[in-house]
Protein chains: 2
Amino acid sequence: MMELTRKGEYAIRGIVYLAAQPVDRVCLLSEIAAAVDVPPTFLAKIFQQFSKIGLVRSYRGTGGGFLLGRVPEKITLLEVVEAVEGPIIPNRCVVGTGECARDVSCTVHPVWKRVQEQVRDVLEGVTLKDLAGG
Amino acid sequence: MMELTRKGEYAIRGIVYLAAQPVDRVCLLSEIAAAVDVPPTFLAKIFQQFSKIGLVRSYRGTGGGFLLGRVPEKITLLEVVEAVEGPIIPNRCVVGTGECARDVSCTVHPVWKRVQEQVRDVLEGVTLKDLAGG
DNA sequence: CCTAACAAGACATTTTTTATCCTTTTAGGG
DNA sequence: CCCTAAAAGGATAAAAAATGTCTTGTTAGG
Ligand code: SF4
Ligand code: SF4
């Protein structure tokens with residue numbers, strides 16, 4: 001239960017590798033994929049998602065590649081995970097009202113809320129700087 | 001990410017219903033399924049898993065049905081969830097050594113360990129008595 | 001205009017989830 | 001001894017999600 005998917009795992013490996021590079025060093029997707037041992041085409045999809053929300057910046061054409069979108073100490077593991085896996089949802093009912101008709105008086109509901117908070121807190125407390133060994 | 005499956009959700013609903021019954025009241029599967037709004041055949045599979053590990057006791061034939069295997073205050077939500085969903089595994093590497101070749105020096109590994117502990121702590125701190133409103 | 005590199009979308013395969021059905025076993029009652 | 005009630009166990013099937021791949025388009029440099 002609660003298992004991170006490959007996609008999430010690959011995403012973390014890839015962006016941590018980026019965070020460990022010298023500032024302004026542009027990395028090729030192929031280089032990152034080889035370094036962290038992830039299928040290049042799959043990693044491409046992941047980095048496209050990162051790019052859309054600004055977690056990484058990308059440059060096309062000759063001399064192109066990827067850069068971290070912000071300094072590593074300003075990117076949390078929570079952001080990275082949620083970027084590719086979506087929000088941390090231990091159970092449907094924590095999404096919002098109306099997802100489960102029983103939520104009004106459900107005794108289990110608050111437990112999932114707590115689980116969600118705890119997980120978010122752990123992941124939010126870790127930055128790419130921590131992970132890259134800045 | 002980290003979403004409980006229907007099976008887990010159904011399992012909780014079913015056993016919480018049992019926990020809310022008077023002591024020694026035997027419940028039919030059909031009754032439980034109707035009360036908590038779960039497909040009866042699916043709930044049957046779930047209760048078979050419960051039965052195997054003693055979370056519930058079952059009796060066959062006329063007058064048969066299900067009873068809680070222990071008093072509600074001695075059954076934690078963690079046990080219930082793990083009974084049907086398996087152990088709480090935020091990432092492969094928390095299972096044990098050898099699951100990931102990188103785990104020796106991986107900076108992310110300890111984070112998943114912490115997530116696992118936090119989730120387990122929350123779920124272990126809640127009993128069926130709490131949930132059934134004993 | 002040729003090549004390098006990422007972007008985007010369609011497609012394919014495998015695994016997991018979410019069940020349902022059928023047969024077997026156990027137990028009680030007439 | 002049979003009939004019915006009820007759970008146990010196993011096989012099967014449809015739907016959804018995960019895990020990639022492929023093809024084509026876009027952008028940029030030389
Ligand atoms: S925990 Fe309660 S509110 Fe949440 S999905 Fe289950 S029944 Fe609904
Ligand atoms: S977090 Fe580290 S040890 Fe765990 S699976 Fe990922 S690379 Fe391996």
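Note on naming: letters A, B, ... go to the chains in the order of the sequence lines (proteins, then strands), and numbering restarts at 1 for each one. Atoms considered below: every heavy atom in the structure, side chains included; atoms not considered: hydrogens, waters and symmetry mates.
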Sugar-phosphate only, base, or nothing, as touched by Phe66(B) at under 4.0 Å among non-hydrogen atoms: sugar-phosphate

Footprint string (nucleotides 20-30 of chain D, 5' to 3'): B base within contact, S backbone only, - free, heavy atoms under 4.0 Å: SB---BBBBS-

Results of side-chain hydrogen bond (donor to acceptor under 3.5 Å, both in side chains) for Thr5(B) - residues two or more places apart only: Glu85(B)

Residues that, via side-chain heavy atoms closer than 4.5 angstrom, fall in one hydrophobic cluster with Leu67(B): Val26(B), Tyr59(B)

Bend angle of the helix from dC1(C)-dG30(D) to dG30(C)-dC1(D), end axes from five pairs each (to 10°): 0°

Partners passing salt bridge (charged side-chain N to carboxylate O under 4.0 Å, His left out) against Arg92(A) (at least two apart in sequence or in another chain): Glu3(B)

Side chain to side chain, Pro87(A) and Glu82(A), heavy atoms closer than 4.5 Å: yes

Phosphate contact (dA8(D) OP1 or OP2) by Ser58(B) side-chain N/O below 4.0 Å: yes

Between dA8(D) (C1') and Leu43(B) (CG): distance, integer Å: 14 Å

Linked, directly or transitively: Leu78(A) and Val95(A) (ILVMFWY side chains, under 4.5 Å): yes

Side chains of Thr76(A) and Leu123(A) in contact at under 4.5 Å (non-hydrogen atoms): no

Pairwise distance CG(Leu43(B)) to CD(Gln48(B)) - rounded to 0.5 angstrom: 10.5 Å

Summary of ring pair (Phe, Tyr, Trp, His ring centres under 6.0 Å) pairs that have at least one residue in residues 3-22 of chain A, sequence neighbours excluded: Tyr10(A)-Phe42(A)

Return all side-chain donor-acceptor pairs below 3.5 angstrom for residues 98-119 of chain B, not counting sequence neighbours, or 'none' if the list is empty.
{"from": "Arg102(B)", "atom 1": "NH2", "to": "Val36(A)", "atom 2": "O", "distance (Å)": "3.1"}
{"from": "Thr107(B)", "atom 1": "OG1", "to": "Leu131(A)", "atom 2": "O", "distance (Å)": "2.7"}
{"from": "Gln116(B)", "atom 1": "NE2", "to": "Ile88(B)", "atom 2": "O", "distance (Å)": "2.9"}

Interface with DNA chain D, restricted to residues 20-38 of chain A and to heavy atoms under 4.0 Å: none

Set of salt bridge (charged side-chain N to carboxylate O under 4.0 Å, His left out) partners for Arg70(B), sequence neighbours left out: Glu79(B)

Pairwise side-chain contact, Lys45(A) with Lys7(A), heavy-atom cut-off 4.5 Å (strictly under): no

Pairing residues for Thr127(A) by the side-chain hydrogen bond (donor to acceptor under 3.5 Å, both in side chains) criterion, not counting sequence neighbours: Asp130(A)

Range on DNA chain C touched by chain B - first to last nucleotide, heavy-atom distance under 4.0 Å: dT18(C) to dG28(C)

Toward the 5' end of DNA chain D, by each residue's nearest nucleotide, Ser51(B) or Lys7(A): Ser51(B)

Reported CD1-to-CG distance for the pair Ile75(B) and Leu18(B), which is rounded to 0.5 angstrom: 9.0 Å

Gap between atom CZ of Arg13(B) and atom CG of Asp37(B) - 0.5 Å precision: 6.0 Å

Nearest-0.5 Å distance, CD1 of residue Ile89(B) to CG of residue Leu4(A): 12.0 Å

Length of the line joining Leu4(A):CG and dA17(D):P, which is rounded to integer Å: 17 Å

Integer-rounded Å distance: dA8(D) P and Ile53(B) CD1: 13 Å

CD1 on Ile15(A) to CZ on Phe66(A), rounded to 0.5 Å: 10.5 Å

Interface residues of residues 77-96 of chain A with DNA chain D (non-hydrogen, below 4.0 angstrom): none

